[in-house]
Structure formats: C-alpha cells, structure tokens
2 protein chains.
Amino acid sequence: MFSTTCQYAIRAILYLALNTDDNHKIGADVLSEELEMPKHFLAKILQQLTKSGFVSSSKGRNGGFYLSDKDKASNLLEIIYVIDGPSRFENCILGLKECSGKTPCPYHSDVQTFRRDFKSKLQNETIFESAKRIAENNLTLNINH
Amino acid sequence: MFSTTCQYAIRAILYLALNTDDNHKIGADVLSEELEMPKHFLAKILQQLTKSGFVSSSKGRNGGFYLSDKDKASNLLEIIYVIDGPSRFENCILGLKECSGKTPCPYHSDVQTFRRDFKSKLQNETIFESAKRIAENNLTLNINH
DNA sequence: TTTTAATAAGACTTAAATATCTTTTTATCT
DNA sequence: AGATAAAAAGATATTTAAGTCTTATTAAAA
Ligand code: FES
Ligand code: FES
C-alpha cells in the first residue's frame, strides 16, 4: 500500500507528534533507534518533510526535529502525498490506465469504497488528533513500545 | 497493493478464463498484445503459473496457454499467493513486525477489516465465477476492451 | 573563540523488481 | 523428414527503491 519510505515517514511524524514540540526536540539519531529505522535514510526523509513544511528542525548543538503546533494541525494525507504522491489512492489495483466507474476493473468497487473511506479518515484527522487517539488507545508505532 | 507481476498475472488469468478452454488456446504473443503487457515478461509469468498448476499449456505448433475446467475451479487468492505470497494481506501497513489486534498500529482496524473482506471475496469466488461476473457486468481487463 | 553536536546536501552503493534477449525443447503441419 | 511455430528455460540488462557514506553548514556550549 505505502512505500517503505512513506511508512517510515508516517511512523516518524506520529512519533514526533507524541513526543516533541517547540521545546522538546529529538535528533534523527535517537529517533532512528527508537523506531528501528536506518539512520541516514530517516534523516533524508525528515529533511524532505522539513523542506515541504510538515516538520520543523533546528541545526547545531541541541538541535533536532520536532512538530510545532502548526505542524500538528496538518494531516497525514498531505504527508503521504509528498512522499508517495496520490497514485496509491488513485491507480487501478490491477494496473489499468484508467481507474473510474466508467470502465471499472473486476475489483474496482470493493477497492474504491475502502480507499475513499481510508483517504478521508487520513485527511479529516489532524496529526494532533491522530496522536491523541494513539495515546488514548495505546496504539503501536514500534514493536518495542 | 499487488506487484506489477501479480497485476499481469491476475489480468492474464481472467482473460484466459473468458477466452480459452481445452479447445481454444492463445499464444503468449497474442495475449501480450491484447492486454498490453511486455511479451517475454508475460510468458515467464504464465510459465510459472503453468508449473504451479493454475494454467494449462501445450507446446509446439498450434500450442498456447489456456484454462481447463479444472483450472477454472481455482480461485484468485491462490494465484496471488503464488506470485506475491501472503504478505500483501498479512503485513502491517506501516511496516511493523507484528500485525495483529494485540499490538495494533493506528490504522490496523481500518485496514484489517477491508483486507479480511477482500481476501475472502478473492478466495470464495472461483475463476469461473469471476469470469462470469466480468462478462455479465462488462468489466474491464484492458483499457481497449 | 574553539570545540562540539546537530541538520543539510549530495554522491555513492546495494538490492530488488521489471524487462529483454537468446537458446532449447516440443508438437504439428507440409 | 524437414520446416515451422509454439512454450520452456535461463542468462542478461535496465530501472527503481532502499540504504550508506562523506562533506558542508549551523548554532550552542565550553
Ligand atoms: S479500475 Fe481497477 S481499481 Fe479502479
Ligand atoms: S498492525 Fe498495522 S496494519 Fe495491522
């Protein structure tokens, strides 16, 4: 469903939402250990998200990555679109050129129903709300926590 | 969701279900043009499915690929498992090591509900029934038909 | 002001998926 | 029997995704 890169991005963003703010930053190094991801690879993803304006960072000693309140007002779908683009939600599951109700493939309706719902869940919940839901229901971002 | 290889396999199998039987075979060459797939790549996939017992073939002049009645009694999930393995239905959407209700990720329940339903649809409908449904509802396997 | 610890940037490497090419085997038709 | 047309097999090539390494830049601490 999502590329490995995008899976890392989602888990990292949600971890930052739960554990950081303007006054509590975290280094890519520590984060990569917490979430068991390749260090440099994660760093590059976070840099891309910083450039795109979904993550905040500060350089130099005591620097690190974090989500500002403004960052936490965005939603996961935006982030997914930055990394994977919209194709994951729009392309035919069987690889047909068109994916629409006009010339549906044999599984279009099943898939499209799910994707529409999932997409709007991702879009309508802010990162902040996602983090709250995760904390309240004790959901997992990393097998060790 | 599925690998490109698996998408080709599904579309090819369904096409064979609709257009072939013991007395009507089709060459990989023609099939690749009908479905707009790379010829040799499709041939390899069909060979793998033949080896696995889901597709029938005959060599030599007037040979080709086809689905026997017995082949048409199988289901798509089996074919997907041969190509992609079960991972597509069993792995966590965020890449966590475990995917279960014990330590669910934030999107486990949404995803799992869909996957359970989709998987059982794929499993409970025979290839023969799938083909019938495609013909009756004029569903698409190839943008040109 | 020098050292240190962090992100930023970009080159490079590796691995996997996708695609192509070539040769062999087999059955049928002439 | 010889020519032909198909699948089978396997080697090779290309492309994309994933991961690593090195250097530059920046800001705080000592
Ligand atoms: S046409 Fe195949 S999923 Fe929409
Ligand atoms: S734990 Fe993530 S999809 Fe099941």
Side-chain angles (χ1 to χ4, degrees), chain A residues 1-12 16 20 22-33 35-68 71 80 82-85 87-88 91 95, chain B residues 1-12 16 20 22-33 35-68 71 82-85 87-88 91 94-95:
Chain A
M1 178 106 209
F2 301 124
S3 68
T4 303
T5 305
C6 196
Q7 294 177 339
Y8 289 164
I10 294 170
R11 287 167 55 207
L16 290 176
T20 70
D22 287 344
N23 311 309
H24 301 85
K25 303 166 187 176
I26 186 172
D29 211 330
V30 176
L31 189 52
S32 76
E33 291 196 352
L35 295 176
E36 297 184 82
M37 296 172 187
K39 187 166 108 177
H40 292 108
F41 195 24
L42 172 62
K44 276 184 53 168
I45 296 167
L46 291 174
Q47 282 158 25
Q48 186 186 353
L49 291 173
T50 300
K51 245 191 185 170
S52 320
F54 295 107
V55 168
S56 300
S57 72
S58 63
K59 288 171 88 169
R61 209 168 192 180
N62 294 352
F65 295 96
Y66 64 101
L67 293 195
S68 67
D71 294 334
I80 291 164
V82 165
I83 307 284
D84 277 350
S87 63
R88 290 288 192 311
N91 285 180
Chain B
M1 177 106 210
F2 301 126
S3 69
T4 302
T5 305
C6 196
Q7 293 178 339
Y8 290 164
I10 293 170
R11 288 167 56 206
L16 290 176
T20 69
D22 287 344
N23 312 310
H24 301 85
K25 302 165 189 178
I26 185 172
D29 211 329
V30 175
L31 188 53
S32 76
E33 292 196 352
L35 296 176
E36 297 184 80
M37 295 173 187
K39 188 166 107 176
H40 291 107
F41 195 26
L42 172 62
K44 276 184 55 167
I45 296 166
L46 290 173
Q47 280 158 27
Q48 186 186 351
L49 291 173
T50 300
K51 245 190 185 171
S52 320
F54 295 106
V55 168
S56 300
S57 72
S58 64
K59 287 171 89 168
R61 209 170 192 175
N62 295 353
F65 294 97
Y66 63 101
L67 294 195
S68 65
D71 294 333
V82 165
I83 307 283
D84 278 349
S87 63
R88 290 288 192 310
N91 284 181
L94 298 187

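Worth saying up front: this structure is predicted, and the values here are computed from it rather than measured. All values below were derived from every heavy atom in this structure, side-chain atoms included, with hydrogens, water molecules and symmetry-related copies excluded. Lettering follows sequence order; numbering is per chain, from 1.
Looking at every heavy atom in both residues, B:Gln48 comes nearest to B:Ile83 through OE1-CD1, 3.9 Å. Scanning both residues, A:Val82 and A:Phe54, for their nearest heavy atoms gives CG2-CE1, 3.3 Å. For B:Asp29 against B:Lys39, the heavy-atom pair with the smallest separation is OD1-CD, 3.3 Å. Smallest separation of non-hydrogen atoms from A:Leu42 and A:Ala12: CD1-CB, 3.9 Å. Residues B:Asp71 and B:Leu67 share a closest heavy-atom pair of OD2-CA, 3.6 Å.
The side chain of B:Ala28 approaches D:dA7 more closely than any other nucleotide in the set D:dG19, D:dA27, D:dA7. Distance from the side chain of B:Arg61 is smallest to C:dA27 among D:dA28, C:dA27, D:dT20. Closest contact between the side chain of B:Thr5 and the listed nucleotides C:dT18, C:dC29, D:dA18 involves C:dT18.
Separating the OH atom of A:Tyr66 from the P atom of C:dA6 is a distance of 16 Å, rounded to the nearest angstrom. B:Met37 places its CE atom 17 Å from the C1' atom of C:dT20, with the value rounded to the nearest Å. B:Leu49 has its CG atom 16 Å from the C1' atom of D:dA9, to the nearest Å. Rounded to whole Å, the distance from CD1 on B:Ile26 to C1' on D:dA5 is 15 Å. Rounded to an integer number of Å, the gap from B:Leu42 CG to C:dA17 P is 19 Å. Following rounding to the nearest Å, A:Phe41 (CZ) and D:dA18 (C1') show an atom-to-atom distance of 5 Å. Here the P atom of nucleotide C:dT7 and the CG atom of A:Leu31 are 9 Å apart, to the nearest Å. Atoms CZ (A:Phe2) and C1' (D:dA18) sit 18 Å apart, rounded to a whole Å.
Contact between the side-chain N/O atoms of A:Asn62 and the OP1/OP2 oxygens of C:dA5 is not found at any separation under 4.0 Å. Contact between the side-chain N/O atoms of B:Ser3 and the OP1/OP2 oxygens of C:dA17 is not found at any separation under 4.0 Å. Proximity of A:Tyr8 to the phosphate of D:dA18: no side-chain N or O atom is located under 4.0 Å from OP1 or OP2.
Each of A:Ile26, A:Leu16, A:Asn23, A:Asp22 was compared with A:Tyr66 under the side chain to side chain contact (heavy atoms under 4.5 Å, CB included) criterion, and only A:Asp22 meets it.
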Protein proximity profile, nucleotides 8-16 of chain C - base contact B, sugar-phosphate-only contact S, no contact -, cut-off 4.0 Å on heavy atoms: BB-B-----
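Taking 4.5 Å as the limit, every side-chain heavy atom of B:Phe65 sits out of range of all side-chain heavy atoms of B:Leu31.
Nearest-nucleotide mapping onto DNA chain D: of B:Gly64 and A:Cys6, the residue sitting toward the 5' end is B:Gly64.
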